[in-house]
Amino acid sequence: MTSSLDAAAAEQEAAKRNLWLHFTRMGSYEDSDIPVIVRGSGAYVYDQHGRRYLDGLSGLFVSQVGHGRQEIAEAGARQAGELAYFPLWSYAHPKAIELAQRLADLAPGDLNRVFFTTSGSEAVESAWKLAKQYFKLTGQPERYKVISREIAYHGTSMGALAITGLADIKYPFEPMTPGGVRVPNTNFYRAPAFVRDDLEEFGIWAADEIERAILREGPKSVAAVFLEPVQNSGGCFPPPPGYFQRVREICDRYGVLLVSDEVICAFGRLGYYFGSQRYGYQPDIITFAKGVTSGYAPLGGMLVRDALMEPFTSGTATFLHGITFAGHPVSTAVALANLDVFEKENLLENVRANEAAFRATLEKLSDLPIVGEVRGAGYFYGIELVKDKATRETFDDDESERLLRGFLSQALFDAGLVCRADDRGDPVIQLAPPLICSQEHFDEIEAILRGVLTEAWTRI
Ligand SMILES: Cc1ncc(COP(=O)(O)O)c(C=O)c1O
């Protein structure tokens with residue numbers, strides 16, 4: 001008879017032999033076990049040894065309603081029993097229709113048309129393809145370029161990667177799809193000296209950099225600007241006041257589409273269904289994924305303004321794009337059940353009521369010498385780590401490697417917290433707990449971070 005110890009060892013061996021983890025140095029598991037997460041309940045997940053972890057990142061900015069919700073699982077199972085699959089190519093199914101209508105009702109302005117995908121990358125890819133084909137159909141075929149911000153992550157498929165502003169994850173796949181243009185992000189902590197003292201002035205400068213890029217590239221060649229409401233990569237850069245209003249004006253001036261990439265920022269992450277609602281701007285397209293199902297099944301999509309659909313509504317015009325599993329019946333049924341939970345439990349209100357407490361709890365960490373800045377909004381925060389608080393000096397590559405990869409990631413996990421130690425920009429710890437979290441969870445996060453960051457400082 002196989003003992004449970006033997007079974008666990010066999011599982012480890014199979015994980016190491018057959019499974020390929022994403023964005024992961026597989027070599028780092030040569031002498032250690034791959035963590036295996038076996039179940040979740042509320043804000044916590046449990047590993048193969050029964051150890052509990054506070055899910056401070058909602059998996060990967062996904063599990064808005066928390067883990068173990070039977071009513072959502074059952075909605076998926078019911079749908080699989082009734083109609084497990086049928087494509088959205090020339091056919092509709094009831095749950096896709098119902099979800100499209102519900103999302104159109106929740107979305108700002110005239111974003112009434114939903115094109116489903118299975119992921120965020122596909123949503124971004126679809127938005128770029130739509131922008132290109134829309135302009136071809138409306139007599140502006142030379143518009144194909146896309147503007148996005150430095151260090152911003154917009155996905156991994158070749159189009160989305162060309163929009164992404166992270167050189168290191170693009171380099172192995174060069175040459176890139178042509179047309180990606182970069183502008184500065186809204187990292188006020190590291191703003192250029194001439195706008196360092198005034199947040200609003202900084203925001204106007206950063207927005208005007210988009211106009212300068214449009215002019216440099218040739219206004220008639222630019223199709224769209226892709227921006228997250230709060231930029232994730234680099235560690236949660238909120239928009240300065242007035243930034244998005246200015247960007248909207250610039251896009252209108254040059255006939256460029258504004259795409260709000262809300263793969264992370266929608267579905268309550270910032271206390272609203274959509275991040276653009278929090279900051280009061282009207283996008284032409286919203287891309288979404290992750291929180292729309294809270295991860296109970298994969299789903300993404302884009303919400304599109306009526307006007308962008310218009311050229312596709314008559315004659316032989318067809319958006320020549322599609323994905324087999326997009327708008328999957330099980331995923332759309334799950335998304336509807338997920339949104340029911342949002343409503344029943346007032347999750348947006350929970351985030352809005354508690355976000356100040358979350359911030360205040362994280363800001364307690366500012367007394368540590370390694371904490372440079374705590375920034376973010378809603379239930380979405382980054383903590384920038386620095387070598388010298390006064391000068392804001394950051395860690396060099398070796399220190400970053402030792403600190404983040406060599407110590408912090410593992411130490412935080414060992415201490416019972418799932419979060420992200422990320423150095424794609426300057427080193428940050430990122431937090432995005434489920435929207436059901438309250439003060440007790442914030443305190444637990446703070447206590448674990450305090451212990452591990454204090455230890456980290458002694459190792460520099
Ligand atoms: C802003 C943004 N866009 C796109 C993506 C890509 O989404 P996916 O991993 O579902 O393809 C992500 C993923 O984290 C994201 O944060």
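First listed ligand is number 1; within each ligand, the first listed atom is number 1. Position 1 is the first residue of the sequence; numbering continues from there.
- Taking the six-membered ring for Trp and the full ring otherwise, the centers of Y44 and Y53 sit at least 6.0 Å from each other.
- Pocket lining of ligand 1, defined as residues with a non-hydrogen atom under 4.0 Å away: S119, G120, S121, Y153, H154, G155, E228, D261, V263, I264, K290.
- The aromatic ring centroids of Y144 and F135 lie 6.0 Å or more from each other.
- The distance between the ring centers of F442 and Y379 falls below 6.0 angstrom.
- Aromatic rings of F115 and H321 (six-membered ring for Trp) have centroids within the 6.0 Å cut-off, being under it.
- Listed for the R51 side chain is a donor-acceptor partner under 3.5 Å among the backbone atoms of D414.
- With ring centers used as reference points, F237 lies 6.0 Å or more from Y189.
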